[in-house]
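So the structure is just underneath, and the comments pick up after that.
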Amino acid sequence: LSVASNKSVSLTKKTIKKVLLVSPRFVPVESPDQQRVRMLLPHLKDNGWEPSILTVEDPSEHRARDDRLMKTIPTGMKIQGVRCPKALPGFSSLGLRSYFALKKAGEKWIRRERPDLIYISTTEFDLFCLGFAWKRATGVPYVLDYQDPWQTDYYNRPGAPIPPGEIGRAHV
């Protein structure tokens with residue numbers, strides 16, 4: 001396209017938008033929580049979004065790790081992990097233990113990077129309060145991805161294995 005000033009203008013230039021994806025559990029930790037975000041990453045990049053991940057480095061995590069999952073993450077992905085307090089008897093919720101660390105790190109990242117959207121995907125539903133807090137502090141809109149909580153009697157059946165995260169609990 002030629003303009004009066006003889007400068008070329010591209011009508012197909014994509015506007016890259018930034019999105020902060022919050023997933024407390026993320027690769028290489030094997031967890032249903034991280035699957036949706038992990039599988040969404042290539043599609044975001046293909047559709048003009050520049051995703052970054054905010055996750056938690058949990059010193060109490062007992063879930064299996066699979067480093068092969070890292071190969072499924074697009075190259076150059078920005079992933080920031082925040083530390084949270086170790087789980088204690090009666091205080092094991094990852095959401096509660098990581099809330100303040102995620103809030104502080106997320107707000108700092110949002111002010112620095114100026115994303116267009118925040119996407120929170122987790123089964124740690126108490127962390128959905130972060131969206132409201134960040135919106136109030138920075139004005140950035142957010143999406144809450146409610147993942148279905150699973151209800152099963154599998155671990156209550158005779159001879160069932162000990163559930164993840166409950167190491168040492170005796171089954172009768």
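- With a 4.5 Å cut-off on side-chain heavy atoms, Trp49 and His43 do not count as touching.
- Panel note: side chain Trp134, backbone Gly106; no donor-acceptor pair is recorded below 3.5 Å.
- In the hydrophobic clustering of ILVMFWY residues, with side-chain heavy atoms under 4.5 Å counting as a link, Leu96 and Phe125 come out apart.
- Rounded to the nearest 0.5 angstrom, Thr138 OG1 and Ile118 CD1 are separated by 5.0 Å.
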Residue pair Val140, Leu117: steps toward the side chain to side chain contact (heavy atoms under 4.5 Å, CB included) verdict: CA-CA 6 Å; Val140 177; Leu117 183 68; 5.5 Å; no
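- Applying the 6.0 Å contact sphere to CZ of Arg112 captures more than 12 heavy atoms from other residues, nucleotides or ligands.
- Between the OG atom in Ser93 and the OH atom in Tyr99 there is a gap of 13.0 Å [rounded to 0.5 Å].
- Ring pair Phe132/Tyr142: centre-to-centre distance not below 6.0 Å.
- Within the 4.5 Å cutoff, side-chain heavy atoms of Val82 are placed close to those of Leu54.
- Residues Met77 and Ile73 come closest through the heavy atom pair CB-CG2, 3.7 Å.
- Looking at every heavy atom in both residues, Pro115 comes nearest to Ile110 through CD-O, 3.5 Å.
- For the atom pair Leu20 CG and Arg114 CZ, the distance stands at 12.5 Å (nearest 0.5 Å).
- Every residue was checked against the side chain to side chain donor-acceptor pair (under 3.5 Å) condition with Arg83, not counting sequence neighbours, and none meets it.
- Formation of a donor-acceptor pair under 3.5 Å by the Arg36 side chain with backbone atoms of Thr122 is not found in this model.
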Criterion side chain to side chain contact (heavy atoms under 4.5 Å, CB included) on Val22 and Ser121, from CA distance to verdict: CA-CA 6 Å; Val22 181; Ser121 181; over 6 Å; no
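- Closest approach of Leu127 and Gly95 over heavy atoms only: CD2-O, 3.3 Å.
- For the atom pair NZ (Lys103) and OG (Ser98), the distance works out to 13.5 Å, reported to the nearest 0.5 Å.
- With 3.5 Å as the limit, one finds a donor-acceptor pair spanning the side chains of Arg38 and Thr72.
- A 4.5 Å side-chain heavy-atom check between Leu21 and Ser52 finds every atom pair outside the cut-off.
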Trace of the salt bridge (charged side-chain N to carboxylate O under 4.0 Å, His left out) decision for Lys86 with Asp58: CA-CA 7 Å; Lys86 197 171 187 169; Asp58 181 3; over 6 Å; no
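- From Glu57, atom CD reaches atom CZ of Phe26 across 13.0 Å, with rounding to the nearest 0.5 Å.
- Closest of all the heavy-atom pairs between Ala87 and Arg97 is N-NH1, 3.5 Å.
- Annotation: the span from Leu88 atom CG to Ser60 atom OG amounts to 7.5 Å, rounded to 0.5 Å.
- Proximity of Ile53 to Gln80: side-chain heavy atoms (C-beta onward) are nowhere separated by under 4.5 Å.
- Remark: side-chain polar atoms of Thr55 are not paired, donor with acceptor, to backbone N or O of Gly81 under 3.5 angstrom.
- Shortest non-hydrogen contact noted between Pro74 and Pro42 is CG-N, 4.1 Å.
- In this model, a donor atom of one side chain and an acceptor atom of the other lie less than 3.5 Å apart for Asp145 and Tyr119.
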Test salt bridge (charged side-chain N to carboxylate O under 4.0 Å, His left out) applied to Lys45 and Glu50, step by step: CA-CA 6 Å; Lys45 289 188 78 81; Glu50 180 185 318; over 6 Å; no
